[in-house]
Colleague: 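Handing you a structure now.
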Amino acid sequence: MDTTNTTGWWGCTGCGVEAELPVVATSGCEVPCPDCGSPMGEQWQWEAAAA
């Protein structure tokens, strides 16, 4: 799968904050919450529409 234009929606397991992050930057990484530092879990992904 080409992840260059794919976005993921992430949610914090600690405080519930949500974030939209590029998959190419987060693939295979544990993403810490910017607010509380708890690990964030990816909820879903989608690809950008072709222009």
Side-chain angles (χ1 to χ4, degrees):
M1 177 166 97
D2 177 20
T3 59
T4 55
N5 291 324
T6 305
T7 300
W9 192 256
W10 293 72
C12 178
T13 58
C15 69
V17 120
E18 295 181 333
E20 182 179 333
L21 302 168
V23 171
V24 72
T26 58
S27 181
C29 299
E30 183 175 296
V31 179
C33 175
D35 288 347
C36 73
S38 294
M40 295 184 80
E42 186 175 24
Q43 298 173 342
W44 61 83
Q45 293 182 3
W46 64 92
E47 290 186 33

Colleague: Where do Cys15 and Asp35 come nearest, in terms of heavy atoms and distance?
Modeller: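 For Cys15 versus Asp35, the nearest heavy atoms are SG-CB, 4.2 Å.
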
Colleague: So which of Gln43, Glu42, Glu18 actually passes side chain to side chain contact (heavy atoms under 4.5 Å, CB included) with Trp10?
Modeller: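 Testing Trp10 for a side chain to side chain contact (heavy atoms under 4.5 Å, CB included) against Gln43, Glu42, Glu18 leaves exactly one candidate, Glu42.
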
Colleague: Keeping the roles fixed (side chain from Thr13, backbone from Pro39), state whether a donor-acceptor pair exists under 3.5 Å.
Modeller: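 Flag set: sc Thr13 to bb Pro39 pair under 3.5 Å.
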
Colleague: Could you pull out the closest heavy-atom pair between Gly37 and Pro32, with the gap in Å?
Modeller: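 Heavy-atom minimum between the residues: O-CB, 4.1 Å.
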
Colleague: Measure across Pro34 and Met40 and return the closest heavy-atom pair with its distance rounded to 0.1 Å.
Modeller: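 What the structure gives for the nearest pair is CD-SD, 4.0 Å.
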
Colleague: Report the C-alpha distance between Thr7 and Leu21 in whole Å, list the side-chain angles of each, state the deciding distance to 0.1 Å, and finish with yes or no for side-chain contact (heavy atoms from CB on, under 4.5 Å).
Modeller: CA-CA 6 Å; Thr7 300; Leu21 302 168; over 6 Å; no

Colleague: Is there a continuous path of hydrophobic side-chain contacts, each under 4.5 Å between heavy atoms, that joins Val31 to Val17?
Modeller: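 Same cluster.
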
